[in-house]
Amino acid sequence: MAKYNKFNKLDLNFYLNPNVVEVARELLGKIIVKQEKGKKIMARIVETEAYEGAEDAASHAYQNKRTIRTETMYASGGTAYVYLCYGMHHLFNIVTNQKDIPHAVLIRAIEPLSPLPDNHPKQKRKTGSGPALVTRYLNITREHDATSLLTDAFFIVDDGYQVRNIRESPRIGVAYAGAAALWPYRFFIQDHPHVTPGYNY
DNA sequence: GCGCCGATTTGCT
DNA sequence: GCAAATCGGCGCG
């Protein structure tokens, strides 16, 4: 008899994968679950980007650079890396690979699976259709930086959803990164309505 | 519908 | 001082 596998939490082994590009692709279709103060919010991942640490000029950890901000990238796989972008937006990344190898996957867009709270700020774009809108919907802030994704409060599950049309492209907003700016490290579900506007091709 | 630009912290020169 | 893994408001015509 087949085991009923409907909400299978991703485990440490998933996050320790040494190939961060593969992890970025595999995260498409997975569900982020966050439970805090009695509220549960779920969202399906529809767009990601891989950041390949020391060898990647687009990464905060290029050439193994260490700062207060990026120290979290050197944690073990399965850790959340949340940082402030442009002085006002929180961006959520998932650290991968083993400790001291600063690989991470940026969650660029999600499809909301829970209702919006009454106090959700009104916005122009679709809910979750950009990296800062992902953290706004899920209430992810720097308080979650360096926290584990293997707890019961904040984790990712595979519900068996099969992603049909995966597309790839260069990453967004990293034109300064020389040759790395052209690497096909961005993955998204083709024609999904919550992918970053203007980049669904 | 598009392009310009401001917001506002972090990190490097 | 300036640019950054961004977003939304404004002016244009």
Side-chain angles (χ1 to χ4, degrees), chain A residues 15 20-25 27-28 32 43 45-75 77 79-97 101-112 116-117 119-147 149 156 167-189 192-201:
Chain A
Y15 297 113
V20 66
V21 178
E22 187 173 281
V23 177
R25 194 186 298 109
L27 279 169
L28 289 180
I32 302 169
I45 298 169
V46 301
E47 180 178 341
T48 62
E49 281 177 0
Y51 284 84
E52 203 170 28
E55 318 302 317
D56 181 358
S59 172
H60 293 160
Y62 183 45
Q63 296 176 329
N64 281 316
K65 177 171 59 179
R66 284 182 184 256
T67 66
I68 300 289
R69 178 180 67 164
T70 62
E71 192 60 28
T72 305
M73 295 188 80
Y74 295 83
T79 301
Y81 169 45
V82 183
Y83 77 97
L84 198 59
C85 184
Y86 293 99
M88 55 192 334
H89 301 297
H90 298 284
L91 268 60
F92 170 47
N93 299 250
I94 295 168
V95 176
T96 69
N97 212 327
I101 301 181
H103 288 181
V105 176
L106 170 66
I107 306 303
R108 277 202 58 93
I110 55 89
E111 171 190 347
L116 284 177
N119 63 352
H120 193 79
K122 73 176 176 185
Q123 59 188 38
K124 188 179 181 70
R125 286 158 53 167
K126 285 193 173 64
T127 301
S129 62
L133 301 181
V134 168
T135 56
R136 178 183 293 183
Y137 174 69
L138 289 162
N139 288 324
I140 295 172
T141 68
R142 276 181 292 179
E143 292 175 19
H144 302 95
D145 181 47
T147 62
L149 292 170
I156 300 177
R167 299 290 313 267
E168 62 181 49
S169 80
R171 293 169 292 185
I172 298 173
V174 298
Y176 58 88
L182 300 178
W183 295 353
Y185 279 12
R186 170 174 174 259
F187 300 94
F188 60 100
I189 299 177
H192 193 287
H194 288 260
V195 165
T196 302
Y199 291 89
N200 201 333
Y201 53 88

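Worth knowing before you read on, the calculation uses all heavy atoms, side chains too, and leaves out hydrogens, waters and symmetry mates.
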query: So, do A:Arg136 and A:Pro121 sit near enough that their side-chain heavy atoms are less than 4.5 Å apart?
result: yes

field: Non-hydrogen atoms of A:Leu138 and A:Ala43 that approach each other most closely
entry: CD2-CB, 4.2 Å

Kindly compute the distance separating [atom1] ([X]) from [atom2] ([Y]), expressed to the nearest 0.5 Å.
{"X": "A:Asp145", "Y": "A:Thr72", "atom1": "CG", "atom2": "OG1", "result": "3.5 Å"}
{"X": "A:Phe188", "Y": "A:Leu28", "atom1": "CZ", "atom2": "CG", "result": "9.5 Å"}
{"X": "A:Arg142", "Y": "A:Arg69", "atom1": "CZ", "atom2": "CZ", "result": "10.5 Å"}

- prompt: Is atom OH of A:Tyr199 surrounded by more than 12 heavy atoms (other residues, nucleotides or ligands) closer than 6.0 Å?
  reply: no

task: Answer yes or no: are there more than 12 heavy-atom neighbours, outside A:Glu22 itself, under 6.0 Å from its atom CD?
output: yes

Set of side chain to side chain contact (heavy atoms under 4.5 Å, CB included) partners for [X], sequence neighbours left out:
{"X": "A:Lys65", "result": "A:Thr67"}
{"X": "A:Thr147", "result": "A:Ala80, A:His144, A:Phe154"}
{"X": "A:Ala57", "result": "A:Tyr62, A:Ala177, A:Ala180"}

statement: Under a 4.0 Å heavy-atom criterion, DNA chain B is touched by chain A from B:dA7 to B:dC12

field: Nucleic acid contacts of residues 119-127 of chain A, taken as heavy-atom distances under 4.0 Å to DNA chain C
entry: A:Gln123, A:Lys124, A:Arg125

message: For DNA chain C, which residues of residues 48-73 of chain A approach it to below 4.0 angstrom with any heavy atom?
response: A:Tyr51, A:Ala58, A:His60, A:Met73

query: Side-chain donor-acceptor pair under 3.5 Å between A:His120 and A:Tyr137, yes or no?
result: no

Range-with-range stems of DNA chain C (Watson-Crick or G-U pairs under 3.5 Å, three or more in a row): B:1-7 with C:6-12, B:9-12 with C:1-4

task: Take A:Tyr51 and A:His60 through the side-chain hydrogen bond (donor to acceptor under 3.5 Å, both in side chains) test and state the conclusion after the steps.
output: CA-CA 9 Å; A:Tyr51 284 84; A:His60 293 160; over 6 Å; no

task: Would you mind listing every salt bridge (charged side-chain N to carboxylate O under 4.0 Å, His left out) that reaches into residues 81-93 of chain A, with sequence neighbours excluded?
output: none

What interatomic distance, in whole Å, is found between [atom1] of [M] and the corresponding atom of [N]?
{"N": "B:dG6", "M": "C:dG1", "atom1": "P", "answer": "16 Å"}
{"N": "B:dT10", "M": "C:dG8", "atom1": "C1'", "answer": "22 Å"}
{"N": "B:dC2", "M": "C:dA5", "atom1": "C1'", "answer": "23 Å"}
{"N": "B:dC5", "M": "C:dC2", "atom1": "C1'", "answer": "16 Å"}

task: Dump the intermediate steps for side chain to side chain contact (heavy atoms under 4.5 Å, CB included) on A:Tyr81 and A:Ile94, then the final yes or no.
output: CA-CA 6 Å; A:Tyr81 169 45; A:Ile94 295 168; over 6 Å; no

Results of ring-ring contact (aromatic ring centres under 6.0 Å, His included) for A:Tyr185 - residues two or more places apart only: A:Trp183

- prompt: Which parts of residues 83-91 of chain A get close to DNA chain B, meaning a heavy atom less than 4.0 angstrom away?
  reply: A:Leu84, A:Tyr86, A:Gly87, A:Met88

Which pairs of donor and acceptor atoms, one on a side chain in residues 104-111 of chain A, lie under 3.5 Å apart (sequence neighbours left out)?
from     : atom 1 : to       : atom 2 : distance (Å)
A:Arg108 : NE     : A:Glu47  : OE2    : 2.8
A:Arg108 : NH2    : A:Thr196 : OG1    : 3.2
A:Glu111 : OE1    : A:His192 : NE2    : 3.0

- prompt: So what does A:Arg142 hit on the nucleic acid, given a heavy-atom distance under 4.0 Å: a base, only sugar-phosphate, or nothing?
  reply: sugar-phosphate

- request: Please find the earliest and latest nucleotides of DNA chain C, in the 5' to 3' direction, that have an atom within less than 4.0 Å of any heavy atom of chain A.
  value: C:dA4 to C:dG8

query: Is a side-chain N or O of A:Thr96 found less than 3.5 angstrom from the main chain of A:Val20, in a donor-acceptor match?
result: no

task: Test the A:Arg167-A:Tyr201 pair against the cation-pi criterion, namely NZ or CZ under 6.0 angstrom from the six-membered ring centroid and within 45° of the ring axis.
output: no

